[in-house]
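What follows is a set of notes on a single structure, which appears directly below.
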2 protein chains.
Amino acid sequence: MARPPRYSTDQLLDAAAALAGTGGPAAVTMTAVAKSAGVPSGSLYHRFPGRPALLAEMWLRTLGRFHVSYTDVLAGPGEPRPLALAAARHVVEWSREHPQAARILRYGAADFGKESWPAPALERLESANAQVMSAVASLATRLGATDDTARERVTAALIEVPYGLVQRHLREGTPVPATAVDMAADCAEALLPPA
Amino acid sequence: MARPPRYSTDQLLDAAAALAGTGGPAAVTMTAVAKSAGVPSGSLYHRFPGRPALLAEMWLRTLGRFHVSYTDVLAGPGEPRPLALAAARHVVEWSREHPQAARILRYGAADFGKESWPAPALERLESANAQVMSAVASLATRLGATDDTARERVTAALIEVPYGLVQRHLREGTPVPATAVDMAADCAEALLPPA
DNA sequence: CCATTATTAGAGAGCAGTCTCCAATACAAA
DNA sequence: TTTGTATTGGAGACTGCTCTCTAATAATGG
């Protein structure tokens, strides 16, 4: 009934992600994506209503890929404490394996113009974040974190600290050392409620 | 001998820093800085040869302010271990006290166009970083960190972990909770060589 | 083979941002 | 007062980016 697409959405997002990974948000211009993917600007605007929409899709795709692997770990079988340690390790391992994606997530959604995103994209972001936060929260209760401080410590152990361990390497473009995985686990041990 | 300056360099950098703190690197356009400071573009370009130079000065001023307070702590008197814990705490405390500055340092120099900076600015950056790294390294040896892994753990304890603890709050614009200070110290305990 | 339609293709309008240039200005020194 | 000079002030050239518009194209269903 119609002409088949020559360029896939993923292909365009790949180009955008590559630019974002190396040059940060500012490098992801519509012109640069079009050039890098070998697509005329018209085709790009046929897929995405504008730059904010493209940035939103790229961000959500990247975040989603991390989220599925992360929630997989969180939802795994076994005792909560080993699970929490595994989750902390996983953040670092995932960053080691997906440096380009991790370099994108190093920025906030705000750095990719979140405030201009189309409403559906914002909702997807909201729901993705809520899902992860609820998984972490449920693990926190299983760990015996009752008050706010204890819950904050769990969040820090599972997300913020492992992420911090990786940041500098992502910024500098150097590979994340394997020793960072153990550091994340050691910090988690120190932050989680006593066993 | 000449007309006195009406606008100080600091005043212009303040405007730039405010823009960077709220909107990130992309918000710091020469036009925006001029408008926000109430300065015509000609005056701005009289002080700074171009946008890269302005960004460099802003970054170096912000980094320098952190560095002096941080190296003060590192060079303090006393046993190395309490000193290291104090340094870890200090990173979080400083971010709590200087949220705007911390929000700037959350980005890398690369995000502020480091590759286009004038050569003298690059040298100053290099030397500032080297100074801090050497202070950390000397503390690491005093702590008994002999191999590379142990040294990496010290760096992580003193810089990367405390910084990671603060990141999310900086991104979201929420104040950094006081509990984060203790978390930084607890993680440092776990990462430093055993006492 | 024709009509329909999603997609490609690219030219170019419009705009925001950087930077240049030159005249006007205000002060210090002679 | 006069001269010299660092600075202000702003107009506008130039560039790069976003986005629009229209025509061409390639497949499908009748």
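Computation of the quantities below employed the complete heavy-atom set of this structure, encompassing side-chain atoms and omitting hydrogens, waters and symmetry-equivalent molecules. So that the names make sense, note that chain A is the first sequence line, chain B the second, and so on, each numbered from 1.
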- Query: Apart from Val73(B) itself, which Ile, Leu, Val, Met, Phe, Trp or Tyr residues share its cluster (side-chain heavy atoms under 4.5 Å, direct or through members)?
  - Reply: none
- Query: Does the distance from a Lys or Arg side-chain N to an Asp or Glu carboxylate O, for Arg106(A) and Asp111(A), drop under 4.0 Å?
  - Reply: no
- Arg61(A)/Asp14(A) salt bridge by N-O under 4.0 Å criterion: yes
- Query: Atom NZ of Lys35(B) to atom P of dT18(C): distance rounded to whole Å?
  - Reply: 13 Å
- Message: Ring centroids only, cut at 6.0 angstrom: are Phe66(B) and Trp94(B) within range, meaning strictly under it?
- Response: yes
- Message: Generate the contact string for nucleotides 8-20 of chain D. Rules: B means base contact, S means sugar-phosphate contact only, - means no protein heavy atom under 4.0 Å.
- Response: BBBB-----SBBB
- Under 3.5 Å, is there a donor-acceptor pair between the side chain of Arg151(A) and the main chain of Thr146(A)? yes
